[in-house]
Structure formats: C-alpha cells, structure tokens
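Below you'll find the structure, written out as structure tokens, and then a few comments.
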Amino acid sequence: MLIAHVALPVPLYQLYDYNLTKPAQIGMRVKVPFGKRNAIGIIVSIDHQTNIDVKSLKNITTIIDSEPLFTPDIWQLLNWAASYYHYPIGEVLFHAMPVLLRQGREANKTQITHWQLTELGENIELTALSRAPKQKLLLSSFRNNTVDSINISTTIYNELEKKQLIMRVNYPADNIMWKTNFSAKPNLIKLNQEQSYAIDNVNKQRHNFAVFLLEGVTGSGKTEVYLNIISNVLATGKQALVLVPEISLTPQTIKRFKERFNAPIDILHSRLTNQQRLAVWLRSKNGENAIVVGTRSSLFTPFKNLGMIIVDEEHDSSYKQQEGWRYNARDLAIIRAKLKNIPILLGSATPSLETLNNVKNHRYQLLQLTKRAGHAKPVKQSILDIRGLTLVAGLSQPLIEQIKIHLHNNNQVMLFLNRRGYSPLLICHDCGWIAECPRCDRPYTFHNQSQKLSCHYCDTPRAIPKQCPKCGSTHLVPIGFGTEQLEKQLELLFPNTKISRIDRDTVAKKGALDGYLQSIQQGGAHILVGTQILAKGHHFPDITLVGIVDVDGALFSSDFRATEQFAQIYTQVSGRAGRETKTGEVILQTYHPEHPLLNVLLNKGYQEFAKQTLKERQQTLLPPFSYQALIRAADRNNHHAQKFLQLIHDRLKEYGDNSLWQLGPMPANQPKKAGYYRWQLLLQHTNRQLLQLILDKLVIDIEKWNETSKVRWSIDIDPMNN
Ligand code: ADP
Ligand code: ZN
Ligand code: ZN
C-alpha cells in the first residue's frame, strides 16, 4: 500500500498521511479530507510507512495536478527554506503559490495548446450552431482572429473539437516563443571601461553559479549594466528574473527594459488580479516570457529556463518579509541561483554589511562603478546645526533660504522626512491627555487630510474625538510634524511652486503617484516631500537640492542596524541630487553636528563608513560575525508569553552549548500590538550550523509542551529591526 505524506497550509510542522490509490508524484496538489472539511495539500513524499493506524487512514479524494506544480529548483528551494527558517513546510509551499492555485485551480489551463480551424470549421454556416450560442461565438471569433481576447471555457472548445470544427495543434514549444525573434535594440551609449569589465565578467561565468556585487552610486550606470547582461542571457534563449524593492517607484526602469528588448516582459506589481498573477506564473513556467520583474515574492516564480537573477538595491530591508514566514528574498535568491547553477548579480549603491563581508571573504565577486555616467558631478554636502534655531514644520530659516535659491533657478528640491501624517501626537491642551491606540498603547498619528487618527503600528484608523475624554475640553492640539504638515507649510511658504508628497499614504492612492511622477519629469520648479520610499531607485534629473529634515531619530536608536540603514538612506537620497549636468547639494539638519558617524559618512563616504562599522561589529560579535534567531511569543493577557520564553531559555541552558548566547526573555521592541502582549528571546551563536541544530532540537521539544498552545509564537531567523 502506498502512503502519501501531504503538507497542508496549517501552522503545524507535521505532514498528514493518506492512502494513495491512484498514481501520483511528489509535488502534486491533492484534495484530501481534513477534519470535517476537504483541504488542498501538496504531496511531499510517498512511501509505505505511516505511524497512523492503517485502518483509520483516509484516501486522497482527488489528484489535482498532472505534473509536479513547482519546477525542481523551486521545490528544492522551498524545502530548504522550510528547514532553514524552521517554518511549517505546508505554509511555505502555499505561500509560494499564486492565490488561485492555493484554492485548487488547475495549473495547466494556459498551456501552450493551440487551436486551429479545420476545413469544416472554416466553411460551415454559422447558423448551424444557433442552438449553441457559446459555440457559435467561439467559432466566429476563430474566423475573425479575435479568439485571444474572449473568455470562453475549455468545455466549449472541446465541444467544437468533437464536432471537428477546430483541432489542437501542438507546436514544438520553441517555435511559438519569443526566442526565435529575439533582438535587443542596438546600444547607442558607449559603455565606460568599468561597465564593460562588469558585463564581460558576468558573461564569462554565465553557465555556472557565481555571486556578483555590482557596487555603484546612483547614476553610475548600473541599470545599463543590467540591460547588457540580460541581453546576453536572453540571446541564449534563457529567461531572467529581476527583483526590485518597489515596483510603483520604478516606472522609468521598466520603460527602459521594455524599450530595449523585443521580448515579452512580465511585471508582477500589487495591482494585478489573482487571475493575472496566475497567468504570469504559468507563462513563465512555460517559457513564454523572457523577463519577470517583481518585488519580494516574485522570487518564487517558476521558470522554464532561468539563466540569471538580478537583485536591485540588495540592501533594501523590504526584501525581508516581516510577518508570517519571515524569509529574506535576497538570501533565498542566492540559494536559488546555487541550486540552479546560474549567476546572480546584486546591485546597490550602498551594499549591506553582510554582502560587503562576503566580498571581503571572496565569496562574492566585486564589480565597481566608481564614476557617475555621463556628465554628472559630485554632490556638495553640508551639516546645518539647528541648535537654537526656530523651526517651521521642522524647517530652519537657512534651509528655507536655500530652497528659495534653488527654486529661483527653476530647479527641483527634495525634502526627506521619515514620518508620514500631519503630526505624531494629538494632545489635550488643558489636561495633557494623549490620544492612544488601546490595542498598542502607542500614540495615534493625526492625519489632517483624511481627518482621521491612525495607529501606525496596527494600521487601525479611528475618528478624531471632538472632546478630551478625560476633562471634556475641546482644545485638542497636534504636536510634532510629519510629511503632511511639512507639505502644508511649504504650500504657505511657496504658494506658486508645485509640491508633491510621496509617502505610503499617497502611493496607496491609485494613479496619484503616476501623476506626480509625470509632473516631476516635466521639469521646472517643484518641491518633493517624502519618506524613505523616495530613496528607492528613482531618477529625478532636475533635483539639485536634497534637504534631510530630521537626522537625529536614526542616529540614536537601540537597533544595531539603525545606523547602517540611515547611512544607506542618506547615501541613496543624496545620490538623487544633481544627476546629469546640474551640480547637486545636500543639507542635513541636526542637533548633533559633531556626531562621528555623520562625519565619517559625509567626509569619507559610505564605503569608509561600512568598513568602520564592520570592524565594530566584529569586535562586538554582532552579525555578520555571528548568527541570530529571534523567538517571539505573544498572548492577550500578558501571562503566558514570558513564561513560554523562559521555558525555552531554561531548556536551551540544559543543552549545554556555551557558545549559545541568550538575551531575554524581554518585552519586544513594540511591547503591545493589536491587542497582543509581545515578548522575545534573542539567540546568538558564532556557528550557523550549530545554531540550526539547536533550533531543530528545540522545535521538537516546544511542540510537546502544554504552554505552547497558549501563545502565538514564531522563530525569526536572521532577524532585522528587532
Ligand atoms: P543607475 O542604475 O546606476 O542609477 P543608470 O544606468 O540609470 O544608472 O544610468 C544613469 C544615466 O546615465 C542614464 O540616463 C543612462 O542612460 C546614462 N548612462 C549609463 N551609462 C552610460 C554611459 N556609459 N555613457 C553615457 N551615459 C550613460
Ligand atoms: Zn483633557
Ligand atoms: Zn494600534
């Protein structure tokens, strides 16, 4: 008797055993009885063994797929990932599927079966089908050549086939694909030496696994290098995957891709319907597209013949999933390239310290672009000491004067403030009461435009109270400032200048961003106000002044990565100034002009900053010189989470590995969120393998405890922002 071990999308580590009565393969989806309902699962292994009483074994109801759903490289990747991240395999596999496939939709609907009219179909009177209107519609669209644009179920096709009006044609896959007609537009730009060197090096190693870091400031011509490398890959008939941190902010890059290649490019952005997402997934699995560009989860797109992965802005923290299965798409992309034995290119102006350390250890090959392409000049940077100065929505008078000068010359100005909303506090003027989210115990942010309070921790909005609930006063005042207030102030200061605000609130509005970007592209005096979202790979050639409104928040944080992230954002944002022919200027407002980090960054640049910071991390044994796992636990009454983590702490002590270092249990960075009290235990080890083995053992133990069912818990491997 054959037993199928099936993974189900449930938060448990175990597999579920079923009788396999029909032929099936590992990796196929199946329908199975699960409790009182039917569930969709995926077969992870098949053998003759089960721990369950054979009599109580149930049969698999249906086998959904006719072949394994994932390509072999993704299957291996996901299995590897489930074990590395200590996350239930069922959840991992289902996370990697388009929604419609999770729901059981067939995966081969858009297979490259092509239909063609038969001689009978071409000549028969349409009236012969009057009693079957759908068949008639389908036949007439075959005759008009509009069959691609109508939506008719396969059963109707089958009916016409039965009547011998249409027939299937099985093209050899290659014939109907883009490969035969592939061409790239001739490159009008003369590549500089560093670009050619980078392209040649990757090209030479295109048949095997290799990791490259393409390090180059904004405007140094990285995208141009990507285009050339991809061109070489496509020319050999292989596909390319390009990961970017944020699609909506890279329309110019995408346009350049589309203009360069005579080949189908699919963009996986958040506005796609589930249907479209599935279509892209299938196209790519069938080899019908040449390039897929997308954010984090696009990593799981299957390809028929993947030849290259590019991870743009590899340092960007959005590659790390921050809830549920907390994977890092950049790290997994490297594993995927290794499994597939293909090269991968990481690009950044400000590489992460992890990546730089791998370059130092010769695990990654460094390719550098040190010059700005074209005629762009270096940027002028200055620190503005704001101690004792009067600020208007965070702006000091000297900064306002500079803005005036740049606008007067018909240039554009960008102001960077990493806090959205109107103000971060709403306070009662008479008694000091603060409007707080009861689920998170954190102040609400006041949003003037939408006239709402919003909790930026749990994303819950609420109406603005008319009165203070404590003293009844109607005098409630916003304190502090965010991008919305900054925008408002600027409108008063510069009534004749166009102002665009780019943050999560405006990006969320459909079409709003496109409008802003177009208007900015047209040139002319313009002020952009935005959060760090502005730092993500954008090309604004007319910006000559970048003002960083508030530096100090980032310089004084408890998170050891905060300074690295600030240095990256600063370098990215200041890289936006003065591209092409105009000289740019960056001004940082700070109360701490002597801060050593600021001075290294400004006077010596990101590379020197990174070098020094890596040295510090090595001395203090922080990542990448050690490996971390964060165990989180949460409950609703603040009784169990801490206790649960204490149990883990004590158990780990019993394991007796003295190199395992534990910090906690302690309240999480955000101790209460959406009604849950949150605790954490940080584990650190200098040996990644040993840490993995400890966790393997621990998970088995944890699952046996009674305390476990009383908390929500998870393991975060290589945590960020903890
Ligand atoms: P990055 O991706 O590093 O920001 P891009 O590839 O977008 O850089 O290049 C910035 C600008 O310089 C673009 O307008 C691009 O067309 C141009 N450019 C790139 N390489 C060259 C080159 N070798 N000579 C002239 N212009 C170039
Ligand atoms: Zn009050
Ligand atoms: Zn909240």
Side-chain angles (χ1 to χ4, degrees), residues 185 187-199 214-230 242 244 249-257 259-260 310 312-314 345-351 367-377 424 426-445 452-462 465-477 521 535-543 571-572 575-582 670-678:
K185 282 239 177 72
N187 198 348
L188 299 177
I189 293 176
K190 190 173 176 312
L191 297 169
N192 65 37
Q193 251 181 7
E194 290 176 326
Q195 285 173 318
S196 305
Y197 176 81
I199 295 161
L214 181 65
E215 183 183 31
V217 296
T218 316
S220 61
K222 288 190 299 296
T223 309
E224 202 49 49
V225 171
Y226 298 161
L227 289 167
N228 279 277
I229 289 174
I230 290 175
V242 181
V244 295
L249 288 163
T250 42
Q252 298 131 328
T253 309
I254 288 174
K255 197 161 150 243
R256 274 164 80 185
F257 273 66
E259 282 169 359
R260 183 71 68 96
I310 289 176
D312 191 27
E313 312 288 354
E314 66 87 28
L345 180 73
L346 311 177
S348 177
T350 52
L367 305 167
Q368 276 176 311
L369 305 179
T370 54
K371 299 174 200 72
R372 286 185 148 198
H375 307 283
K377 300 186 184 82
L426 187 68
I427 204 164
C428 170
H429 187 70
D430 292 316
C431 77
W433 170 82
I434 293 172
E436 264 183 0
C437 170
R439 307 168 76 209
C440 305
D441 295 346
R442 291 275 183 118
Y444 279 116
T445 298
K452 280 219 158 64
L453 297 180
S454 162
C455 173
H456 285 194
Y457 298 91
C458 68
D459 258 334
T460 316
R462 62 157 290 183
K466 294 206 167 53
Q467 285 184 310
C468 168
K470 217 171 126 197
C471 76
S473 163
T474 51
H475 196 178
L476 302 178
V477 288
Q521 290 298 305
K536 298 189 185 207
H538 229 297
H539 184 79
F540 299 123
D542 289 323
I543 288 180
T571 311
Q572 299 273 337
R576 300 286 176 265
R579 296 172 71 154
E580 322 231 309
T581 51
K582 294 173 177 173
Q670 189 193 332
K672 193 179 169 198
K673 182 176 177 182
Y676 278 86
Y677 293 88
R678 307 157 85 228

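Quick note: residue numbers are just sequence positions, from 1. Note: hydrogens, waters and symmetry copies are ignored here, and every other heavy atom, side chains too, is used. Numbering of ligands and ligand atoms starts at 1, following listing order.
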For the Zn ion (ligand 3), angle spanned by Cys440 SG and Cys458 SG (nearest 10°) is 110°
What one should report as the nearest heavy-atom pair of Tyr226 and Gly347 is OH-CA, 3.4 Å
In ligand 1, the atoms that come under 4.0 Å of a heavy atom of Leu191 are 23 (N)
Note: SG(Cys468)-the Zn ion (ligand 2)-SG(Cys471) angle, rounded to 10 degrees, equals 110°
In terms of heavy-atom contacts, Cys440 and Lys673 come closest through SG-CA, 3.7 Å
Are Arg256 and Glu224 ion-paired here, with the side-chain N under 4.0 Å from a carboxylate O?
yes
What one should report as the nearest heavy-atom pair of Ile427 and Gly432 is CG1-O, 3.7 Å
With heavy atoms and a 4.0 Å threshold, my read on which part of Lys190 contacts ligand 1 is backbone
Vertex the Zn ion (ligand 3), ends Cys455/SG and Cys437/SG: angle to nearest 10° comes to 110°
N/O separation below 3.5 Å, Gly221 to ligand 1: yes
Taking 2.8 Å as the cut-off, does Cys428 contribute an N, O or S atom near the Zn ion (ligand 2), distance below it?
yes
Interatomic distance, CZ@Arg442 vs SG@Cys458, rounded to 0.5 Å, equals 11.5 Å
*Decide, counting backbone as well as side-chain atoms, whether Cys431 has an N, O or S atom less than 2.8 Å from the Zn ion (ligand 2).*
yes
Does ligand 1 have an atom that lies less than 4.0 angstrom from a heavy atom of Gly216? no
Please determine whether any non-hydrogen atom of Val217 lies less than 4.0 Å from an atom of ligand 1. yes
Output for pair (Gln670 CD, Tyr457 OH), nearest 0.5 Å, gives 6.5 Å
Between Cys468 and Trp433, the two heavy atoms sitting closest are SG-CB, 3.7 Å
If we number the atoms of ligand 1 from 1 as shown, the ones under 4.0 Å from a heavy atom of Lys222 are 1 (P), 2 (O), 3 (O), 6 (O), 8 (O)
The reported gap from CG in Leu369 to CD in Gln193 (rounded to nearest 0.5 angstrom) is 12.5 Å
On a heavy-atom basis, the closest approach of Pro438 and Lys672 is O-NZ, 2.7 Å
Honestly, for Thr223 the part within reach of ligand 1 (heavy atoms, under 4.0 Å) is both
So for Glu194 against ligand 1, with non-hydrogen atoms under 4.0 Å, the contacting part is neither
Atoms of ligand 1 under 4.0 Å from any heavy atom of Asn192, numbered from 1 in the order shown, are 23 (N)
